[in-house]
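What you see below is based on every heavy atom in this structure, not just the backbone, and it leaves out hydrogens, waters and symmetry mates.
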Amino acid sequence: MTTTASQEAFLQAFHAERPAVTAEAFGRGRAPDGRSSYELLCERVAGRQRVLDLGCGDGLLLEFLAQGNERQLAGVDLSPQSLALARRRPALSGARLEEGRAQALPFADDSFDACVSHMALMLMGEIEQVAAEVARVLSPGGVLACVLGGGAVGGEAYDRFLGLLRGTIEEVPASQRIPALGDRRTRSRNGLDEVLAPAGFAAVDWRTVPIDLSGPVEQVWAAVSSLYDLGRLDGAAVEHLRDAFFAGVRDMTTAEGTVPCAFKVHIATAQLHY
Ligand SMILES: C[S@@+](CC[C@H](N)C(=O)[O-])C[C@H]1O[C@@H](n2cnc3c(N)ncnc32)[C@H](O)[C@@H]1O
C-alpha cells in the first residue's frame, strides 16, 4: 500500500466509527466575533454560486452555505458514513454529494466558482495533485478558501492536552500510533503558496484566528479527544490520558466549572488566475 493509500485507509476507518466527529467537536467553537470557523469560511466565498466542499464530512459547512442562497452545492469525501449523514440534511437535498478523493475529483472542468475546505486540506497526501484537481474544476478567477488547524493557543487546556498526548504516544507500542497525515506545507502560508502557485493560484491570503472551546471539563475532553491521534490507542491508554487530563486542568478550572480551551485556525484564501 502506498503512503497516501494507508493514510486514506486510516481516515476512512476512523470516520466509519466517528462520521460527524469534527462538526460535533468544533461546530460550537467560537471566534472572537462570536462566529464559528465554519461561518468564517462561508464569508470567504460570499457571492460565489457554484461551490464545492473538499472533505465535506457530514455536511455542516455545506448547510451553512445553503442558508438563504440559491447556490449549486457539491461535496466530496472519502467517508461513505459521513456522506450518509450529509445526505440526511434537508438543506442539502439538491446538493451533489460524492464519495471520492480530492486527488481525483469526480467533477468536470470549470464546474465551480469556489472550493471550500474545513479542517481537511492539511490531511491530504499527494497535495500537488489536489491543487491541480481544484484548479481544474474551478473556473478562471475561482477561489479556494480553507480552514486549517493551527495548534494550541497556549496556556489553556488544549495546550495541556497536547503535552499529555505526546507523552502517551511515546509510551504506547508502534501499533497504537497513527500514520503521519497530510503534507506539512499546508500548515504555513509559504508552504501553501509553494503548493498552490504551480497549479495557477495567486498568493495566499492568510489569517490566524483563535477559536474558543471553553466549557465544562467533560465537553472540553470530548472536543480534544476527538483528534485522530487517539484513533488507534487502546481503551487503557485513552482512560489513562483522560484521567491525566481531568487532573491536569483542575488548577485552571474556574469557580463556575469552566475549563479554558482554545485552538488556532488559519483561514487561507487563494484565487485562481484568469
Ligand atoms: C477533520 S474531517 C473534517 C470534516 C468537515 N470538513 C468538517 O470540518 O466538519 C476531514 C475530512 O476530510 C476527508 N478527507 C481527508 N482526505 C481526503 C481526500 N483525500 N479526499 C476526500 N476527502 C478527504 C475525511 O474523510 C474527513 O471527512
Legend entry - Leu83 backbone acceptor or donor facing Glu99 side chain under 3.5 Å: no

Legend entry - 4.5 Å side-chain heavy-atom contact, Glu128 and Arg185: yes

Legend entry - Side-chain H-bond candidate by donor/acceptor type, Thr168 with Glu171, under 3.5 Å: no

Legend entry - Shortest non-hydrogen contact between Asp77 and Gly57, atoms and distance: OD2-N, 2.8 Å

Legend entry - Contact check, side chains of Phe64 and Leu60, non-hydrogen atoms, under 4.5 Å: yes

Inset, instruction - Flag the pair Leu138 / Phe107 as yes when at least one side-chain heavy-atom distance between them is below 4.5 Å, and no otherwise. - result: no

Inset, instruction - State which residue, out of Leu73, Leu62, Leu52, Leu65, fulfils the side chain to side chain contact (heavy atoms under 4.5 Å, CB included) condition with Val116. - result: Leu65

Legend entry - Flag side-chain contact, heavy atom, 4.5 Å: Leu61 against Val147: no

Legend entry - Check: Leu105 main-chain N/O paired with Glu133 side-chain donor or acceptor under 3.5 Å: yes

Inset, instruction - Please determine, by modelled atom types, if Ser139 and Arg50 share a side-chain donor-acceptor pair under 3.5 angstrom. - result: yes

Inset, instruction - Please list all pairs passing the salt bridge (Lys or Arg N to Asp or Glu O under 4.0 Å) test where one or both residues lie in residues 85-96, with sequence neighbours left out. - result: Asp58-Arg89, Glu63-Arg89, Arg96-Glu98

Legend entry - Pro19 to Ser82 - nearest heavy-atom pair and separation: O-OG, 2.9 Å

Inset, instruction - State whether the side chain of Glu156 and the backbone N or O of Gly154 hold a donor-acceptor pair below 3.5 Å, judged by distance alone. - result: yes

Inset, instruction - Please check if Leu162 and Ile211 belong to a single hydrophobic cluster, counting links between Ile, Leu, Val, Met, Phe, Trp and Tyr side chain heavy atoms closer than 4.5 Å. - result: yes

Legend entry - Val209 side chain reached by Ser37 side chain, heavy atoms, under 4.5 Å: no

Inset, instruction - Using the test side-chain hydrogen bond (donor to acceptor under 3.5 Å, both in side chains), find all partners of His240 that sit at least two apart in sequence or belong to another chain. - result: none

Inset, instruction - Would you confirm whether Asp193, through its side chain, and Ala203, through its main-chain N or O, come within 3.5 Å as a donor-acceptor pair? - result: no

Inset, instruction - Please lay out, stage by stage, how Val224 and Leu165 fare under the test side-chain contact (heavy atoms from CB on, under 4.5 Å). - result: CA-CA 10 Å; Val224 297; Leu165 177 64; over 6 Å; no

Inset, instruction - Please answer whether the main-chain N or O of Gly248 pairs with a side-chain N or O of Arg160 as donor and acceptor at a distance below 3.5 Å. - result: yes

Legend entry - pair Pro140-His273: side-chain heavy atoms closer than 4.5 Å: no

Inset, instruction - Look at the side-chain heavy atoms of Ile, Leu, Val, Met, Phe, Trp and Tyr, link any pair under 4.5 Å apart, and say whether Tyr228 and Val220 land in one connected group. - result: no

Inset, instruction - Output the distance between atom OG (Ser36) and atom CZ (Arg30), rounded to the nearest 0.5 Å. - result: 5.0 Å

Inset, instruction - Report the residue from Phe263, Tyr38, Tyr158 that forms a ring-ring contact (aromatic ring centres under 6.0 Å, His included) with Phe26. - result: Phe263

Inset, instruction - Let me see the working for Phe14 and Ile178 under side-chain contact (heavy atoms from CB on, under 4.5 Å), right down to the final yes or no. - result: CA-CA 10 Å; Phe14 184 92; Ile178 68 164; over 6 Å; no

Inset, instruction - Report the distance from atom CG of Asp33 to atom CD of Glu39, rounding to the nearest 0.5 Å. - result: 8.5 Å

Inset, instruction - Say whether Met124 and Phe10 are linked into one hydrophobic cluster, either directly or through other cluster members, by side-chain heavy-atom distances under 4.5 angstrom. - result: no

Inset, instruction - Decide yes or no for Asp183 and Val130: does some side-chain heavy atom of the first lie under 4.5 Å from some side-chain heavy atom of the second? - result: no

Legend entry - Min side-chain heavy-atom separation Pro106-Val76 under 4.5 Å: yes

Inset, instruction - Say whether Leu41 and Val45 are linked into one hydrophobic cluster, either directly or through other cluster members, by side-chain heavy-atom distances under 4.5 angstrom. - result: yes

Inset, instruction - May I ask you to check whether over 12 heavy atoms, not counting those of Gln49, lie within 6.0 Å of atom CD? - result: yes

Inset, instruction - Quick one: closest heavy-atom pair of Pro179 and Arg232, and the distance? - result: CD-NH1, 3.6 Å

Inset, instruction - Spell out, as yes or no, whether a donor-acceptor pair under 3.5 Å connects the side chain of Arg28 to the backbone of Leu213. - result: yes

Legend entry - Test log, rule side-chain contact (heavy atoms from CB on, under 4.5 Å), inputs Val204 and His266: CA-CA 11 Å; Val204 170; His266 305 302; over 6 Å; no

Legend entry - Sidechain-backbone polar pair: Gln176 side chain, Pro173 backbone, donor-acceptor under 3.5 Å: no

Legend entry - From Gln103 atom CD to Leu78 atom CG, the distance as rounded to the nearest 0.5 Å: 7.5 Å

Legend entry - Arg166 atom CZ, over 12 foreign heavy atoms within 6.0 Å: no

Legend entry - Candidate pair Val134 and Leu196, rule side-chain contact (heavy atoms from CB on, under 4.5 Å), full reasoning: CA-CA 10 Å; Val134 172; Leu196 294 180; over 6 Å; no

Inset, instruction - If a pair satisfies salt bridge (Lys or Arg N to Asp or Glu O under 4.0 Å) and one of its residues is in residues 197-225, list it, with sequence neighbours excluded. - result: Arg44-Asp205, Asp205-Arg207, Glu218-Arg242

Inset, instruction - Give the minimum heavy-atom separation between Cys261 and Ser214, together with the two atoms involved. - result: N-OG, 3.0 Å

Inset, instruction - Calculate, to the nearest 0.5 Å, the distance between atoms SG and CG belonging to Cys115 and Asp53 respectively. - result: 7.5 Å

Inset, instruction - Return the minimal non-hydrogen interatomic distance between Leu144 and Phe201, and the atom names on each side. - result: CB-CE2, 3.9 Å

Legend entry - Whether Arg177 side chain and Val172 backbone form a donor-acceptor pair below 3.5 Å: yes

Legend entry - Exam field: side chain Thr4 to backbone Gly125, donor-acceptor pair closer than 3.5 Å: no

Inset, instruction - Kindly work out whether a path of hydrophobic side-chain contacts (I/L/V/M/F/W/Y, heavy atoms less than 4.5 Å apart) joins Val238 to Phe161. - result: yes

Legend entry - Closest non-hydrogen atom pair, Ala5 against Thr2: N-OG1, 3.0 Å

Inset, instruction - Nearest 0.5 Å please: distance from the CG atom of Asp110 over to the CZ atom of Arg136. - result: 9.5 Å

Legend entry - Donor-acceptor contact present, side-chain Arg71 to main-chain Arg48, <3.5 Å: yes

Legend entry - Point-to-point distance, once rounded to the nearest 0.5 Å, from CG of Leu164 to CD1 of Ile169: 11.5 Å

